[in-house]
Number of protein chains: 2
Amino acid sequence: MATINDVCKATGYSKATVSRVLNGTGQVKAATRDAVLSAMQSLGYQPNAMAQALATNTSNTIGLILPHFQSSYFGSILHHAEQSTQQASKKLLVVNSRNTASGEREAVATLANQRCDAILLYSRHLSIADLAALQQSVLPPLIILNRQFEDNTLHSFGLDQRQLAEIAMQHLLSLGHRHIACITSPLASETGQIRYAVYQQMLEQQQITMQPGWVHEGTNTLASGYQAVEQLLSSQQSVSAIFACNDDMAIGAIRALFDHGLRVPQDVSVMGIDNEPAAAYAIPSLTTVSLPIVQLTQDAMTLAVSLANKEHAQTRHQTYSGELVLRESTQALTSANSSY
Amino acid sequence: MATINDVCKATGYSKATVSRVLNGTGQVKAATRDAVLSAMQSLGYQPNAMAQALATNTSNTIGLILPHFQSSYFGSILHHAEQSTQQASKKLLVVNSRNTASGEREAVATLANQRCDAILLYSRHLSIADLAALQQSVLPPLIILNRQFEDNTLHSFGLDQRQLAEIAMQHLLSLGHRHIACITSPLASETGQIRYAVYQQMLEQQQITMQPGWVHEGTNTLASGYQAVEQLLSSQQSVSAIFACNDDMAIGAIRALFDHGLRVPQDVSVMGIDNEPAAAYAIPSLTTVSLPIVQLTQDAMTLAVSLANKEHAQTRHQTYSGELVLRESTQALTSANSSY
DNA sequence: CTGAAAGCGCTTACAG
DNA sequence: CTGAAAGCGCTTACAG
């Protein structure tokens with residue numbers, strides 16, 4: 001590919017002035033700019049981003065670390081992150097943390113070596129102390145997604161996990177349900193722990209004694225929701241409602257109930273969290289909690305871009321809350337299903 | 001961050017030998033390697049990937065261009081592409097083409113400027129001639145996804161779109177259906193055109209006269225499948241089966257039928273293409289065509305990695321076919337629904 | 001086994 | 001308004 005030297009030879013100008021027209025910086029006579037531009041054009045010259053990065057110490061690149069890419073949830077984050085990046089004329093570097101602590105660490109190191117100007121880390125496995133230490137060892141500013149904490153070296157954008165779970169449980173309780181099963185998100189994650197803790201606490205508040213067999217740990221997948229219900233049913237426990245900690249598990253659960261001849265919501269109410277697109281089209285459609293994930297992503301990216309542009313920003317910690325989305329999969333407890 | 005010069009100062013060795021231990025190249029005395037290594041360790045030294053790229057003219061980076069990131073289909077491609085990249089100790093650069101021709105072009109330019117060692121382009125909008133021209137203007141080898149053609153400057157990995165659509169239509173026809181609606185993928189794309197053409201041709205072969213109102217163009221989304229059925233129903237056309245050109249539209253269609261009091265498959269059979277995870281858990285579960293997208297992605301990435309490693313490879317053109325996945329949403333035509 | 005030097009393709013003070 | 005020169009952080013023949 002053509003380099004800046006080729007443009008110099010073609011025009012007779014020095015690298016300095018070619019660089020100036022390339023970047024629109026400094027003073028350049030109109031005539032020479034035109035000459036340079038047309039030479040670039042005809043040579044098909046494109047500046048080498050690596051060389052620019054090395055010279056300027058900015059790569060115009062933003063890193064994004066996600067546990068994986070296989071859900072509409074992460075698809076949405078990815079989509080909006082990419083949009084924001086493109087609007088800011090930067091590039092998005094995407095790395096997968098394989099949903100492990102070491103993966104999160106390695107991914108940060110990788111992106112730091114690529115000299116990303118800012119790194120968004122969707123973290124599930126590192127402690128706040130780990131994250132703070134990681135930021136010390138690494139130049140680009142870290143923006144932590146999916147966590148809530150206070151720390152003045154790190155930025156964070158997270159969902160109010162307590163509130164999300166409370167909305168869901170509150171809805172089920174307000175419908176009169178007392179025998180409520182829970183299909184949890186992985187309990188190794190903070191998200192999983194908080195949602196489950198809220199489930200327990202709200203049952204306690206209502207003086208409801210949680211029965212063994214009500215709780216099944218899932219993996220946020222359709223299949224794990226399905227399996228959880230099969231276990232629930234085989235445990236002979238009777239519940240009138242199921243709180244699935246995400247939509248995919250809720251949809252898997254509904255299918256399992258269906259396969260066992262149980263109707264949703266007439267026999268069992270089911271609710272999820274996420275409000276993924278499929279929730280509205282499922283049969284029955286899924287009552288759930290919608291997450292402002294688009295807003296969260298955009299806000300985090302706005303910060304990432306200004307950090308990348310070296311606009312000094314104070315550490316920010318932002319928390320978002322969700323909203324109940326009422327649909328068909330839940331209904332008030334009736335004598336018909338109170339036996340469950 | 002620490003640079004190679006810091007390591008030199010700490011150890012007293014030159015950049016050349018530090019570089020040698022870093023890359024494990026050339027001869028280095030064990031003692032000096034240990035010294036260098038421990039200095040790197042204590043300094044937290046990490047080589048600057050930009051500088052390495054500039055010096056070696058390889059970025060260890062593979063580019064991936066997708067129309068968007070919001071579907072399990074692209075999520076799966078992304079996931080497996082990232083896996084392969086990580087296994088090869090390279091980095092994945094992801095760019096969105098915004099599902100437009102200019103977006104595809106710009107994305108390639110962007111990734112070429114980043115000096116990606118190979119670029120995977122999921123292309124829907126550029127002609128083969130355009131693609132070949134693009135390859136001429138750009139250094140890194142292009143691997144085209146989602147297209148079938150012969151060209152000795154370009155590699156390609158694509159699905160046999162004819163075969164996919166044929167399997168689907170064949171299934172419906174073999175069940176005795178003759179009044180079959182089609183919800184197409186966007187007809188601006190080659191995929192959309194081929195699937196629709198197969199639909200028409202197979203009806204013709206059976207001497208079935210396609211009725212106006214049977215065909216509705218969708219956008220591959222749940223919502224567009226839903227709308228298509230509403231239009232179909234309002235057109236007063238009677239069909240006993242619907243061929244939706246992807247699973248999301250099929251699921252949207254089923255929901256619309258449900259909302260209008262029509263049962264699937266008793267009143268109308270519905271089938272899709274993709275075999276996305278949700279298809280197995282939908283109620284009714286969805287008959288569809290599974291795509292070997294994992295295999296395709298892995299094969300394409302294997303090629304990308306060897307091209308990135310400068311292992312000269314002949315241009316490859318690979319085509320993959322799908323398989324029928326029988327589930328609940330289709331059944332044989334009966335007297336009960338022959339009136340539709 | 002090790003080092004000095006040139007080079008990768010840019011940018012950016014500094015002079016003029 | 002323009003150019004010469006140094007520098008960004010590496011690698012890689014070439015000597016020794």
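In what follows, chains are A, B, ... by sequence order, proteins preceding strands, each numbered from 1.
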Scan the side chains in residues 294-303 of chain B for donor-acceptor partners under 3.5 Å anywhere in the protein, sequence neighbours excluded, and list what turns up.
| from | atom 1 | to | atom 2 | distance (Å) |
| --- | --- | --- | --- | --- |
| B:Q295 | NE2 | B:D299 | OD1 | 3.0 |
| B:T297 | OG1 | B:I293 | O | 2.7 |
| B:D299 | OD2 | B:Y320 | OH | 2.5 |
| B:T302 | OG1 | B:Q298 | O | 2.8 |

Quick one about [Y] and [X] (side-chain donor to acceptor, distance below 3.5 Å, no hydrogens or angles considered), yes or no?
X: A:K90; Y: A:N309; value: yes
X: A:T56; Y: A:T58; value: yes
X: B:N220; Y: B:S185; value: yes
X: B:H125; Y: B:N99; value: yes

Query raised in the report: Looking at residues at least two apart in the chain, or sitting in another chain, which of them share a side-chain hydrogen bond (donor to acceptor under 3.5 Å, both in side chains) with B:S123?
Result: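 For B:S123 the side-chain hydrogen bond (donor to acceptor under 3.5 Å, both in side chains) partners, ignoring immediate neighbours, are B:E104, B:R147.
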**Report entry** Range on DNA chain D touched by chain B, heavy atoms, distance below 4.0 Å
**Finding:**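 Listed 5' to 3', the contact boundaries are D:dG9 to D:dA13.
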Report task. Could you walk me through whether B:L307 and B:I143 pass the side-chain contact (heavy atoms from CB on, under 4.5 Å) test, one step at a time? Result -> CA-CA 10 Å; B:L307 288 170; B:I143 300 174; 3.9 Å; yes
**Report entry** Interface residues of residues 18-34 of chain A with DNA chain D (non-hydrogen, below 4.0 angstrom)
**Finding:**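 Close to the strand are A:R20, A:Q27, A:V28, A:K29, A:T32.
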Query raised in the report: Does the side chain of B:E82 come within less than 4.5 Å of B:L78's, by heavy atoms?
Result: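 With C-beta onward as the side chain, the pair stays apart.
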Requested in this report: Flag the pair A:D151 / A:T315 as yes when at least one side-chain heavy-atom distance between them is below 4.5 Å, and no otherwise.
Outcome: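 Contact flag for A:D151/A:T315 side chains = no.
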**Report entry** Structure string for DNA chain C in dot-bracket form, Watson-Crick and G-U at under 3.5 Å, | interchain
**Finding:** |||.||||||||.|||
Requested in this report: If a pair satisfies side chain to side chain donor-acceptor pair (under 3.5 Å) and one of its residues is in residues 43-53 of chain A, list it, with sequence neighbours excluded.
Outcome: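 Only A:Q46-B:N113 qualify under side chain to side chain donor-acceptor pair (under 3.5 Å).
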Query - Position toward the 5' end of DNA chain C (nearest nucleotide), A:A16 or A:M50 - result: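 Comparing both residues, the 5'-ward one is A:M50.
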Query raised in the report: Closest nucleotide of DNA chain D for A:G12 versus for B:N48: which of these residues is on the 5' side?
Result: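 Looking at the nearest nucleotide for each, A:G12 comes out on the 5' side.
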